Amino acid sequence: MKYNKSFTALVAAGLVRSSLAQTWCGKNYMSNQSVVPPGGQFVLPTRSVDPLLSFHCAPVFRPYLQEDAKSAAFVVDTPIVYDWVTGAEPILLPSTSGSSGSSTGLGSISVTINVGSVKTTANVPLNATNFQIPVDISRLQAQKSAYHVSCSATYTSSSSSKSQKFKTSTSLLYLPDTNASVTKTDLRTGALWVRPANGKGGAFAPFVPQGFYINFDEYLATNLTMIDQLKADGFNTIHPIPPYSNLTIFEEVINKTISAGMYIVYDMRSNYQNLTAVAQQVEAYASIPNLLNWETAHEPDGNSDPLGAAQSTYDLIYEIDGYHPVSIVLNCEDYNFSPYVKGADIVLQDAYPIGINATYSPVWHTVCTPDFGHCGCDNCNGTLYDVRARVQTYKDRLNILGFDRTKSVWTTPQAFGSGAYWNTTPTGQQWTAMGFTSFSHGSMSYQYPTTTGNVTTIEGTATNLTVLIKDIVQPFIVDPNATFTNYDHLGVDAGLWHNGTAYLLVVANLVNAIVYVPWTDVGLGSITNSTTQVQRIFSVSQNTNATGLNFLPGGIGIYTATPP
């Protein structure tokens, strides 16, 4: 299989970034620099005394293809909130409606969706989430450019005859059918849907990426057997780190991953600001059967890249392709988050807290504070809990910006150490805990090769875990009808999914202490007999008893439960 190599010179002469910018996350970090507050902090919304409607609508899938037209749908959210998040508007509720967490007495809201010549109206419960409205889009013409969608709503409360009007907008990507590669995003869950990576055709199915970043020039270009090892370990995705200096060998990498049925992430970090190079790369590689997504800006916030650069690249990619989502990686805890995330569908965080000195940099021999310094993990405390905090912070911000339905947060678990800012490499248990606490819809560890050997190492742990994630965890987290609740009990992070019949519980102790967690504090108060109602799938330094869960420091576990 051959690909267009007309951009070889552009790649070779790409904008290969230096190891560090003059500042990092907007902060000075060298001993000869003064302390200057970095700015760029995220602005939290103000509180509202009165209730607000946060009305949103979005297509269920992005993109839709012609073959999907008759089964298309939109997902509508009508939550009542008390923060001035983006798009929130005052709403007059019945005086008997109670708190924002209750829908009793609120009634419904009439929602109209207009896209092109298609108009659909349906009643949606007020204070609802994930309400689906079927919309037949077959009368529309499939096209590369997105359709503008206007969503309006009318609400009349039981205590007032006056109607209240609300509106919002979104976009619909409705593309021509293709036999080439397509990655859909289910905007109900954030999960990706793909065809088989081997290029032999087949139905779309939900997919949870598990894989590693691998330096192309240093490792992959000289040792293609790494692909075989990752496949044997149960991983399904590879992310080569550019530059891709030898395009002949890069083609071999693509062909070998196709044969192995593994997906590939194409990374443009070296030259994503060169729109000519971006266009040529997209045109060359958009059709490979195992392309999962494009990745553009890598730590643009750390490097203080131009604020609009990621979005410009994002817009160009969608003009040319549109069949694959775009990701970026953010490094900073709080530096220009809002402008950078406009250039992505998937926002990866890469907080690497294991083995750092959170207050003093061994590289620059300076202190680290919120206004100064670089200690390898921005504004971290040097514990596993840093990962949970970073992921939740990013999710909260996307919600505030109105992007919670259209953008996802993924994580890059730390799989390296013993150098620079990091004096140790995470154990297999620590690596797993970082993945568990941030589990949503993608995990691409940084980087391969990593520690090998017995089950205490990263790769040794992975061989036992990857199949469990695919067979046990994935069916819950990609299920649009499953509910999800996150709990934090004394530093133990717990994710609970419920599909209407059974529960999935994923737990990780993120603190260096022994912790006991009652079933009631992780949403399983209905457990009356843990022996028969709780099934252990996987655990390390963690077990259960009749009334709850026992954790040693760093304990992790996966359980299913079927209460009466």
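The analysis underlying the following values was restricted to heavy atoms, covering all of them including side chains, and did not include hydrogens, waters or symmetry mates. Computed from a predicted model, the values in this text were never measured in an experiment.
Other residues, nucleotides and ligands place more than 12 heavy atoms under 6.0 Å from the CD atom of Q143.
Shown here are the side-chain contact (heavy atoms from CB on, under 4.5 Å) partners of P134, two or more places apart in sequence or in another chain: there are none. Residues passing the ring-ring contact (aromatic ring centres under 6.0 Å, His included) test with Y487: none are found, sequence neighbours excluded. By the ring-ring contact (aromatic ring centres under 6.0 Å, His included) test, Y340 pairs with no residue at all, sequence neighbours left out. A search for side-chain contact (heavy atoms from CB on, under 4.5 Å) contacts involving S539 returns R536, Q542, Y559, not counting sequence neighbours. Under the side-chain hydrogen bond (donor to acceptor under 3.5 Å, both in side chains) criterion, T560 pairs with Q535, sequence neighbours left out. The side-chain hydrogen bond (donor to acceptor under 3.5 Å, both in side chains) search around T154 returns K165, not counting sequence neighbours. Y448 meets the ring-ring contact (aromatic ring centres under 6.0 Å, His included) test with F212; sequence neighbours excluded. Every side-chain contact (heavy atoms from CB on, under 4.5 Å) that S138 has, sequence neighbours left out, goes to A69, K70, D136. For D68, the side-chain hydrogen bond (donor to acceptor under 3.5 Å, both in side chains) partners two or more places apart in sequence, or in a different chain, are K184.
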Distance-only check: which donor-acceptor pairs under 3.5 Å involve side-chain atoms of residues 198-209, not counting sequence neighbours?
unit_1: N198; atom_1: OD1; unit_2: K200; atom_2: N; d: 2.9

Which pairs would a plain distance check flag for residues 47-58, meaning a side-chain donor or acceptor within less than 3.5 Å of a matching protein atom at least two apart in sequence or in another chain?
unit_1: R47; atom_1: NH1; unit_2: Y82; atom_2: O; d: 3.4
unit_1: R47; atom_1: NH1; unit_2: D83; atom_2: OD1; d: 3.3
unit_1: R47; atom_1: NH1; unit_2: D83; atom_2: OD2; d: 3.4
unit_1: S48; atom_1: OG; unit_2: D50; atom_2: N; d: 3.2
unit_1: S48; atom_1: OG; unit_2: D50; atom_2: O; d: 2.6
unit_1: S54; atom_1: OG; unit_2: H56; atom_2: NE2; d: 3.1

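The existence of a salt bridge linking D404 and K395 is excluded, since no basic side-chain nitrogen approaches an acidic carboxylate oxygen closer than 4.0 Å. Electrostatic pairing of R397 and D334 counts as a salt bridge here, judged by a charged N lying under 4.0 Å from a carboxylate O. Of the charged side-chain nitrogens involved, at least one lies within less than 4.0 Å of a carboxylate oxygen, so that D345 and R62 count as a salt-bridged pair.
Counting only N and O atoms by type, the side chains of Y213 and E295 include a donor and acceptor under 3.5 Å apart. Side-chain contact, T411 with Q349: a donor N or O sits under 3.5 Å from an acceptor N or O. Remark: the H324 side chain and the S181 side chain contain an N/O donor-acceptor pair separated by less than 3.5 Å.
Cation-pi check for K407 over Y314 is met; the charged atom lies under 6.0 angstrom from the ring centroid and within 45 degrees of its normal.
Note that the CG atom of L504 and the CG atom of L496 stand 7.5 Å from one another [nearest 0.5 Å]. Rounding to the nearest 0.5 Å places CG of D521 at 5.0 Å from NE2 of H489.
Nearest heavy atoms, D488 versus G491: OD1-N, 3.4 Å.
At distances below 3.5 Å, at least one donor-acceptor pair connects side-chain atoms of T78 with backbone N or O atoms of N127.
Every pair tested for side chain to side chain donor-acceptor pair (under 3.5 Å) that includes a residue from residues 470-483 fails, sequence neighbours excluded, so the list is empty.
Under the 30°/60° scheme for interplanar angles, the aromatic rings of Y64 and F61 are found to stand perpendicular.
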